[in-house]
Structures are given as structure tokens and as C-alpha cells.
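What follows is a single structure, written as C-alpha cells, with notes after it.
Values in this document were obtained by computation on a predicted structure and should not be read as measured data. The figures that follow rest on heavy atoms only: side chains count, while hydrogens, waters and symmetry mates do not. Lettering follows sequence order; numbering is per chain, from 1.
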Amino acid sequence: MNRTARTTLFWCAALAIALCYGISCGHLPGFGGSFHPYADRAVPAALAHRTANAVASVNFDQRGFDTLGEEFILFTAVLGAAMVLRRARDEHTVSPRPGRVLPTVRLAGTVLLPVALVTGVYVIAHGQLTPGGGFQGGVALATGLHVAYLAADYRVLRNVRPRTVLDLADAMAAGAFAALGLAGLAWGSAYLENVLPWGVQGQIVSGGTVPLLNAAVGVEVGSALVVLLAAFLDQALEIETG
Amino acid sequence: MTTTLLAAAPATGQATTDPLPYLAAGWILLAGLHGLVTSRHAVHAIGCLTVVQSGTYVLLLAVGYRRGATAPYFTDIPPTTPVADPVAHALTLTDVVVGAAVSALLLALVLQTAKRHGTADPDALTGLKG
């Protein structure tokens with residue numbers, strides 16, 4: 001199909017979508033209104049399990065099985081990307097050249113790296129209390145680690161990032177989420193049911209299995225992202241064709 | 001100044017008939033689709049796909065919004081405080097994670113395609129090559 005035909009087809013479809021979507025928008029509950037049937041049920045359910053962060057309660061308690069699927073989407077996507085980006089038979093690796101970095105940048109990186117890592121761990125650990133959790137904290141952890149690349153060079157990053165260990169951590173954390181669900185079955189309850197004592201709301205051990213699942217997701221997301229970025233960085237810096 | 005602003009603010013949970021936030025989500029979706037259809041570079045197309053997805057974030061957050069309500073975190077507020085819909089927030093979080101994962105996989109495919117075929121123009125990629 002040539003470009004003109006394709007663009008014409010798009011405009012016809014866009015018109016139809018805009019028309020139907022616009023009409024249906026008029027029938028949605030008013031913006032900002034008090035009609036929230038899901039919230040009216042999810043919030044009391046979160047408070048009943050002493051989870052202060054209602055979003056974490058929805059993700060890891062009320063619909064934990066969905067989050068298991070979501071976690072495995074991430075896991076398989078990273079697995080696929082790492083596989084597509086591996087070194088092909090007609091390619092060879094070169095060692096990356098050391099970069100020149102200003103001393104002030106190096107100092108800022110040395111100070112910021114531990115701060116970024118601690119922030120990531122904090123966000124994961126407080127996922128059941130405050131905004132954040134395993135997904136957000138994992139991303140903070142993984143990107144924080146790459147301060148080493150910005151403030152020094154690729155060889156330093158490779159030293160602070162043991163890829164084999166992170167590959168394993170990625171798989172084990174994904175498996176740990178699935179295994180934690182079995183605790184519910186062992187208790188004579190449903191898969192991924194919140195079977196641990198719920199604790200006192202507002203304390204770090206509150207929410208039953210929510211902090212544990214948060215930690216598993218945090219490790220999985222953090223290591224998956226590092227592995228993913230490692231695959232891309234290898235392509236850019238180490239792998240050459242021919 | 002602050003008091004006049006507060007006095008003018010509508011009461012909690014008062015709905016407006018203004019569908020503009022929902023329509024904005026549809027607009028972002030169509031803008032992204034237009035970019036996808038007219039794209040001349042695969043990386044640009046992936047960027048457009050994330051724009052399409054951003055439309056779903058805006059729609060979900062608009063559906064979950066409650067006027068005058070706060071974020072659904074009960075660490076230091078009483079349990080009866082009106083909050084935004086946590087289910088819509090959780091779905092947006094899922095959406096963001098899946099979106100990032102899919103973008104990463106697509107970018108990896110584009111990288112290898114560009115290396116093998118020497119181009120990332122979707123129109124120029126017509127044949128399969130082993």
C-alpha cells in the first residue's frame with residue numbers, strides 16, 4: 001500500500017474513531033465526580049488488610065494474580081530483548097575505550113551513587129506505606145546504578161554490575177513472586193491470598209504479604225532493567241560487525 | 001488569596017459535565033496513530049506507539065480523578081478522607097510497566113533490523129532475510 005492510500009485510510013478510520021469515542025465520552029460518569037464503585041470497594045479492602053498504600057494493596061493483594069502476569073510480561077520482554085541483542089556469529093567484541101571525565105563530575109557521581117541506591121531501597125521497602133513500591137523503586141535502583149557510567153566510564157559500570165548475578169537475581173525474584181503465592185495454598189487458602197498477619201497500619205511490617213511481594217518485584221525490576229540496559233550498552237560500545 | 005481560592009473550589013466529588021479530559025485522551029491516541037501511519041523511521045514509530053499508550057494513561061487517570069480528593073495513601077490521613085480511585089492508579093502503573101517492556105523489546109528488534117538491512121525505514125523493509 002502506498003503512502004497516499006495509507007494516509008487516506010487512516011483519516012477515514014480516525015474520523016470513525018473520533019466520532020464513536022466522542023459520543024461515548026458524553027456517556028461516561030462526570031469528570032471528578034463521586035461515582036467510583038471500584039474505589040469504594042478497594043479502599044475499605046486495603047484498610048481491612050492494614051495496607052496504608054491502597055494502590056499497593058490493589059496491585060499485590062487484591063489483584064496479585066494480575067501483577068504476577070504483569071511481572072512475567074516484563075521478565076519475558078527483557079529476556080527477549082537480551083536474546084535479540086546477543087552477539088551474532090559474524091560479530092566480535094572490542095574493549096571499550098576509557099572515557100575522560102571531569103573530576104567534579106566524578107566526585108558528584110561518587111556522592112550520588114550511594115544516595116540513589118539507598119533511595120531505591122527505601123522506595124521498595126516503604127511500598128506498602130507511601131507512594132512507590134517494587135516497580136518504582138526497582139527502576140530507581142537500576143537507573144541509580146548507571147550513575148557509575150555517567151560519572152566514570154563503561155568499565156567502572158561493568159565492575160559495579162555483576163551481570164551473571166543480576167541475570168540470576170532477575171529469574172529468582174520472578175520465581176519468588178510465583179512461589180510466595182504458593183504460601184496461600186499451603187495455608188489452605190487461595191493462590192496469592194494474603195495469609196501473613198496484617199500487622200499495624202503505618203508500620204513497615206504491615207500489609208501481610210504485600211511488603212514481601214514488593215521486595216520480590218523490586219529485585220526483579222531492578223535487575224531486569226540493568227540486564228536490559230547492559231544488552232543495549234554492549235551493542236553500542238562493545239559489539240562490532242565484521 | 002488562599003482563602004478565596006479555597007472558597008471558589010467546588011465541593012468534594014462534585015462532577016462536571018465537561019468531557020474535555022476524556023477527549024484529550026482520545027486526541028493523544030489519534031495523534032500517536034497518525035504518527036505511526038506516516039512514520040518514516042522505526043524508532044520514530046516506537047515513539048509514536050508510546051504516545052498512543054500515553055492516551056490510555058490520561059484516560060485512566062481522568063476516570064479515577066475525584067474533585068477535591070487526595071492521593072490514596074492512608075499513612076497520615078483518616079480512613080474516611082475522600083481519595084482518588086486506587087484501582088485506576090494501579091492499572092496505570094501496570095500500563096506504564098508493560099509499555100516500557102514492549103518499547104524495549106521493539107527497540108532491540110529495530111536495532112538488529114537496522115544492522116542487518118542498513119535501514120530503519122518501515123517502507124524500505126519489504127523482504128525477509130535470514
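- For B:L111, the part sitting under 4.5 Å from any heavy atom of chain A is the side chain, from C-beta outward, and nothing else.
- A:F65 CZ: 12 or fewer foreign heavy atoms inside a 6.0 Å radius.
- Counting heavy-atom pairs closer than 4.5 Å to chain B, the top-ranked of the candidates A:V139, A:V84, A:L129 is A:V84.
- With a threshold of 4.5 angstrom between heavy atoms, A:V78 does not approach chain B through any atom at all.
- Looking at every heavy atom in both residues, B:L93 comes nearest to A:Q136 through CD1-NE2, 3.8 Å.
- Looking only at side-chain heavy atoms (C-beta outward), B:L107 and A:F232 come within less than 4.5 Å of each other.
- Proximity to chain A (any heavy atom under 4.5 Å) is restricted, for B:V63, to the backbone atoms N, CA, C and O.
- Neither the backbone nor the side chain of A:R50 comes within less than 4.5 Å of any heavy atom in chain B.
- Atom CG of A:L74 and atom OG1 of B:T94 lie 11.5 Å apart (nearest 0.5 Å).
- With chain B as the partner, the residue from A:I73, A:L85, A:V58 showing the most heavy-atom pairs under 4.5 Å is A:L85.
- For B:D123, the part sitting under 4.5 Å from any heavy atom of chain A is the side chain, from C-beta outward, and nothing else.
- With a 4.5 Å cut-off on non-hydrogen atoms, A:R41 does not touch chain B at all.
- Neither the backbone nor the side chain of B:A71 comes within contact range of chain A; no heavy atoms are under 4.5 Å apart.
- More than 12 heavy atoms of other shown residues, nucleotides or ligands fall within 6.0 angstrom of atom CZ in A:R6.
- Contact check for B:L91 versus A:R63: side-chain heavy atoms found under the 4.5 Å cut-off.
- In this structure, the portion of A:R3 lying under 4.5 Å from any heavy atom of chain B is its side chain and not its backbone.
- The minimum heavy-atom distance between A:A77 and B:L105, with the atom names listed, is O-CD1, 3.7 Å.
- Of the atoms belonging to B:L106, not a single heavy atom falls under 4.5 Å from chain A.
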Pair A:D40, B:R66 - check salt bridge (Lys or Arg N to Asp or Glu O under 4.0 Å), show working.
CA-CA 12 Å; A:D40 295 342; B:R66 194 196 294 247; 3.6 Å; yes
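- Contact of B:P79 with chain A is made through backbone and side chain together, with heavy-atom distances under 4.5 Å.
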Go through B:K115 and A:D90 one step at a time and tell me if the salt bridge (Lys or Arg N to Asp or Glu O under 4.0 Å) criterion holds.
CA-CA 12 Å; B:K115 220 187 311 183; A:D90 54 350; over 6 Å; no
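- Closest of all the heavy-atom pairs between B:G26 and A:Y21 is CA-CE2, 3.4 Å.
- Residue contact with chain B, scored on non-hydrogen atoms closer than 4.5 Å, is absent for A:A231.
- Ranked by heavy-atom pairs under 4.5 Å with chain B, the first of A:P131, A:S57, A:A82, A:A56 is A:P131.
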